Amino acid sequence: MSRVTLSRYLIEQTRSHNTPADLRFLIEVVARACKEISHAVSKGALGGVLGSMGTENVQGEVQKKLDVISNEILLEANEWGGHLAGMASEEMDNAYQIPGQYPKGAYLLVFDPLDGSSNIDVNVSVGTIFSVLRCPDRNGESGDLGEEAFLQPGTQQVAAGYAIYGPQTMLMLTLGDGVMGFTLDREMGSFVLTHENIRVPESTAEFAINMSNQRHWEAPVQRYVSELLAGKEGPLGKNYNMRWIASMVADVHRILTRGGLFMYPRDAREPEKPGKLRLMYEANPMSMLIEQAGGAATNGTQRILDIQPESLHQRVAVFLGSKEEVERATAYHQG
Ligand code: P6P
């Protein structure tokens with residue numbers, strides 16, 4: 001069978017599921033931007049782009065040169081096409097306004113341009129995470145797009161995905177009709193469909209958490225992780241393996257590929273924060289992908305996609321992956 005490129009997949013989705021042409025165009029533009037980011041990331045030290053900018057983003061995190069470069073690539077690729085009403089990014093305090101000389105469109109694009117960037121200098125997989133929302137009807141308003149237009153629960157996403165820059169560059173995508181994986185053919189410059197209708201196994205024997213934070217966790221997480229570590233002799237009656245890459249895209253990609261449970265719980269280090277990861281451009285897109293692949297995603301007490309955002313950069317606790325373990329970890333929070 002001839003290879004199905006991303007473009008062909010999107011055209012066929014349009015025919016079978018009436019995917020709007022400007023959504024198809026949006027995905028194509030984001031994919032092209034991810035190819036450019038992949039190219040910049042792969043240069044490493046040869047590209048003079050490793051290391052930090054000496055600045056901090058709105059999260060108070062040190063900005064890597066590639067964080068800023070990746071952010072600019074996505075903005076420049078998307079601002080002129082007429083498919084977006086605005087953009088928001090981990091790297092920018094406020095919503096990005098489409099410049100006046102360009103037409104505006106129906107969608108909002110929210111992204112983490114380079115997730116896991118602390119791993120770049122040590123050559124570990126990183127990625128770009130993106131989420132697509134419809135822009136609410138502006139009732140003829142013409143001024144700047146306010147943050148409130150973006151504050152929609154994850155159930156409102158019309159598309160979500162990530163690119164992972166690893167041994168292969170892959171694009172994982174859902175338009176709400178399952179999860180598809182595309183591998184970048186660098187010779188042709190095309191993303192080629194290599195993984196159709198990805199499914200997360202319902203059960204797993206592998207979990208991912210940063211164990212160094214154990215003393216800071218709340219009681220339900222302490223109990224649950226101790227049971228995982230107790231293995232066959234413990235209440236769960238089986239041995240578990242552990243992975244922690246400290247790059248959400250890489251950890252989630254493993255879970256989409258072979259199952260598992262990813263956890264970043266809230267902890268006592270910053271009790272005023274509900275977690276470390278960001279809702280709008282990390283947890284929501286990843287949760288849509290995981291649910292579309294048959295998995296589950298909660299913040300310990302509720303489905304992540306149901307959370308009504310209150311601010312653009314708000315954080316959230318994350319338990320996502322194989323349904324059986326997400327449900328168990330969540331049940332322990334019910335007391
Ligand atoms: P820690 C990367 O900075 C990130 O946002 C996620 O990609 C990753 O899962 C997490 O933080 C790692 O956090 O505290 O283990 O360094």
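None of the values given here were measured: they were computed from a predicted structure. Counting starts at 1 for both ligands and their atoms, in listed order.
- Heavy-atom proximity to E282, at under 4.0 Å, picks out these atoms of ligand 1: 5 (O).
- At the top of the distance list for atom 13 (O) of ligand 1, counting protein heavy atoms only, stands K276 NZ, 3.0 Å.
- Under 3.5 Å, the side chains of R186 and S38 contain a donor-acceptor pair of N or O atoms.
- The G116 neighbourhood of ligand 1 comprises atoms 2 (C), 7 (O), with distances under 4.0 Å to a heavy atom of that residue.
- Remark: the S131 side chain and the N284 side chain contain no N/O donor-acceptor pair separated by less than 3.5 Å.
- Residue contact annotation: L277 has a non-hydrogen atom under 4.0 Å from ligand 1.
- Shown in contact with S247 at under 4.0 Å from a heavy atom are these atoms of ligand 1, numbered in order with element: 7 (O).
- Near M248, with a cut-off below 4.0 Å to any heavy atom, the atoms of ligand 1 are 6 (C), 7 (O), 8 (C), 9 (O).
- Under the 3.5 Å distance criterion, with hydrogens and angles disregarded, a donor-acceptor pair is assigned to the side chains of E28 and S7.
- With E36 contributing its side chain and R32 its backbone, the two residues share no donor-acceptor pair below 3.5 Å.
- Distances between N or O atoms of N210 and those of ligand 1 include at least one value under 3.5 Å.
- Not one N or O of S118 is nearer than 3.5 Å to an N or O of ligand 1, by distance alone.
- The R278 neighbourhood of ligand 1 comprises atoms 5 (O), with distances under 4.0 Å to a heavy atom of that residue.
- Contact atoms of ligand 1 toward F262: 9 (O) (distance under 4.0 Å to a heavy atom of the residue).
- With a heavy-atom cut-off of 4.0 Å, R315 does not touch ligand 1 at all.
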